[in-house]
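Atom set for the values below is all heavy atoms of this structure, side chains included, hydrogens, waters and symmetry mates excluded. The chains referred to below are lettered A, B, ... by the order of the sequence lines, with proteins before strands, and numbering in each begins at 1.
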Protein chains: 2
Amino acid sequence: MGTSVASRRSGKGTEKRDPVATRRALLEAGAHLFPLGGFDGVSIEDLADRAGVNKALVSYHFGGKRGLYVAGLESAFAEMAGRLRAVDGEGVDAREGLRRFFQAFEAMTRERPDFPTLFLRELLSSGIEPAVVPHLLEIVAVSRRLAERGRREGAFRRVDPLLFHFGLVGALCFFFATEGARQRARMAGQIPFEMPTPQAFVHYLEDMTLRGLAPGPSPTRTRKRKGARS
Amino acid sequence: MGTSVASRRSGKGTEKRDPVATRRALLEAGAHLFPLGGFDGVSIEDLADRAGVNKALVSYHFGGKRGLYVAGLESAFAEMAGRLRAVDGEGVDAREGLRRFFQAFEAMTRERPDFPTLFLRELLSSGIEPAVVPHLLEIVAVSRRLAERGRREGAFRRVDPLLFHFGLVGALCFFFATEGARQRARMAGQIPFEMPTPQAFVHYLEDMTLRGLAPGPSPTRTRKRKGARS
DNA sequence: GTCTATAGGCTGATAGAC
DNA sequence: GTCTATCAGCCTATAGAC
């Protein structure tokens, strides 16, 4: 929990620590600092200070600031993709899969609260890091399969799996990535009313998704009536 | 459309232009560059070059890079808030209000395609610019009133207006803010399949929202059954 | 209002001692 | 592997000529 330290000054001497502890401390520092501030907003010195490690070790162990950033980024994306794999369990039907989808997202944000921020920041950046593209595609594939399975089982109406994906992931990412900003703004007195809790939002979104995906015609006519079948 | 130029070199001399043209050119440059790259990712020289203007004029007219950024930010937020005000028209019922809500968002992204990116970047930043907080609250208030009106008119079931707001705005912002990244990744061959169009997504989200808000019990039982009425 | 020139700070990276 | 010292580059901001 506390600040990881790979080497420390004690009295007058310098104690050396495990090099793997150094790497780990730097990765932890990156995981904490990069989501705030973004890549440009964090200096090597910031990272070294938080890790309790010498500046030069960033270049030594990761080949530079970018290397440290990418290493953390990839591990986070891989972890998210891995968690979502539980959605495709053996005997789980589509509705249960959807529940697991939300559970996986909740679990991720519980253990890595600023993953959504990191995620979003990377998507907003000029060029997505090639190393994480496979994980990204894997994440998309999960919701895609979920939508298709629901359709096959008759649990969901037919929707474009990609639209389904963006509606779900977009709302979740936005909410969780901006959660910190809300809390800060709330404490600074900029927001004069209570904000929803993450649990409430996840529950709401799950409810809306189930209702929105329920088979059958829309309870309200759309503007233009179409023929019998599309 | 082309690069705005407030002053230009012709042959050997230097022609002076309207100072308001200078300001305008710089604001346009900021509106284009800040969404990409973010505040840290854009240098004063980048801005001046794109505006066809001298570096020093940024400080002269806006008191520094931050001043130019905030000026553009505030005008964008104000414009979005203004567009959303149409949702609260005189004789519009809730369902029509929701339609206008999506229309306003679509219109905004048509004329200022990278507003969602700017918006999201600001929400992710360490501290939200105080100057835009009022506009932010106004935007929240629109969806809040929309949800409450729908409830009052019997068109929507009862939902927490703030959850409604985040579900809607979150999904829209995410999709549009990452649209550029998708196109880039697609062209770079990182994505091997077609991506949904903005129109398709907006239509999908509107449909899902109407279905999700339709009065009546959820077509699927939730895990815990509650009493007859809440 | 606009431009040139420059000050001054900070950053990422590395050479070389230990 | 770790640390100190240092360098070259870029950045924002401003003083002063026009």
Which residues pass the side chain to side chain contact (heavy atoms under 4.5 Å, CB included) test with A/E194, not counting sequence neighbours?
A/R186
How would you list, by chain and number, every residue that makes a side chain to side chain contact (heavy atoms under 4.5 Å, CB included) with B/Q183, sequence neighbours excluded?
B/E179
Return the set of residues passing ring pair (Phe, Tyr, Trp, His ring centres under 6.0 Å) with [X] (not counting sequence neighbours), or none when no residue passes.
X	result
A/F201	A/F175
B/F62	none
B/F105	B/F176
B/Y204	none

Please give the angle, rounded to 10 degrees, between the axes at the start and the end of the helix from C/dG1-D/dC18 to C/dC18-D/dG1, where five pairs define each axis.
0°
Give me the ring orientation class for A/F77 and A/F115: parallel if the planes are under 30° apart, tilted from 30 to 60°, perpendicular past 60°.
perpendicular
Round to the nearest Å and state the distance from [X] atom [atom1] to [N] atom [atom2].
X	N	atom1	atom2	answer
B/F62	C/dG1	CZ	P	12 Å
A/L26	C/dG12	CG	C1'	15 Å
B/L57	C/dT4	CG	C1'	12 Å
A/R24	D/dG1	CZ	P	15 Å

Under 3.5 Å, sequence neighbours excluded: what are the donor-acceptor pairs made by side chains of residues 160-169 of chain B?
{"from": "B/D160", "atom 1": "OD1", "to": "B/L162", "atom 2": "N", "distance (Å)": "2.8"}

So does B/N54 get a side-chain nitrogen or oxygen closer than 4.0 Å to the phosphate oxygens (OP1/OP2) of C/dG1?
no
Under 4.0 angstrom between B/T22 side-chain N/O and C/dT2 OP1 or OP2:
yes
Letter by letter from the 5' end, nucleotides 10-15 of chain D scores (B base, S sugar-phosphate only, - none; protein heavy atoms under 4.0 Å) -SBBB-
